[in-house]
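Note that this is a predicted model, so its numbers are computed, not measured. The analysis underlying the following values was restricted to heavy atoms, covering all of them including side chains, and did not include hydrogens, waters or symmetry mates.
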Amino acid sequence: GKYKKALKQSKSVSEGSKNTVTQVWGSIHLARIYEAMGLYDEMNKALQQAESKMSELRQNNAEEYLISLVKIAEIHNDYGN
């Protein structure tokens, strides 16, 4: 796949946004790309970044928080298999 191009685009979206949901989902998307590329340390860093941003979502947007939590769990589940 065109992972490098997708990585560049995802980074610009997640880093350029001031919206917490976009930042969290951008980090989750980055983690998926890193996983596909076999860059597991980078994947874990992206997941940690998403998790740290999620504290803001938990208080302000419970639905987005739960969706993000499920997405992160899916990545951890896939990585473990």
Q: Any chance you could lay out the salt bridge (charged side-chain N to carboxylate O under 4.0 Å, His left out) test for Lys71 and Glu74, step after step, and finish with the verdict?
A: CA-CA 5 Å; Lys71 288 179 180 281; Glu74 288 172 349; 6.0 Å; no
**Q.** With Thr22 via side-chain contact (heavy atoms from CB on, under 4.5 Å) - residues at least two apart
**A.** Val13, Ser17, Asn19
Q | Close side-chain approach of Leu30 to Glu42, heavy-atom, < 4.5 Å | A | no
(Q) Please evaluate residues Asn44 and Tyr34 with respect to the criterion side chain to side chain contact (heavy atoms under 4.5 Å, CB included), reporting the C-alpha separation (whole Å), side-chain torsions for both, the decisive distance (0.1 Å), and the verdict. (A) CA-CA 9 Å; Asn44 285 320; Tyr34 286 132; over 6 Å; no
Q: Find the distance between CD (Glu56) and OH (Tyr65) and round it off to the nearest 0.5 Å.
A: 12.5 Å
Q | Distance-minimising heavy-atom pair for Ser27 and Ala50 | A | CB-CB, 3.7 Å
(Q) Is there a side chain to side chain contact (heavy atoms under 4.5 Å, CB included) between Ile72 and Met54? Walk through the geometry before answering. (A) CA-CA 11 Å; Ile72 289 173; Met54 284 176 58; 3.4 Å; yes
Q: Over all heavy atoms of both residues, which pair between Ile75 and Met43 is shortest? Give the atoms and the distance, please.
A: CG2-SD, 4.0 Å
Q: For the pair Ser10 (side chain) and Leu7 (backbone), establish whether a donor and an acceptor sit closer than 3.5 Å, ignoring hydrogens and angles.
A: no
Q) Which residue, Lys18, Lys53, Gln49, forms the side-chain hydrogen bond (donor to acceptor under 3.5 Å, both in side chains) with Gln23? A) Lys53
(Q) Ser68 and side-chain contact (heavy atoms from CB on, under 4.5 Å): which single residue from Asn61, Thr20, Ile28 fits? (A) Ile28
Q.
Return the OH to CD distance between Tyr3 and Glu35, rounded to the nearest 0.5 Å.
A. 9.5 Å
Q. Do you know the tightest heavy-atom contact between Trp25 and Glu64?
A. CZ2-OE1, 3.0 Å
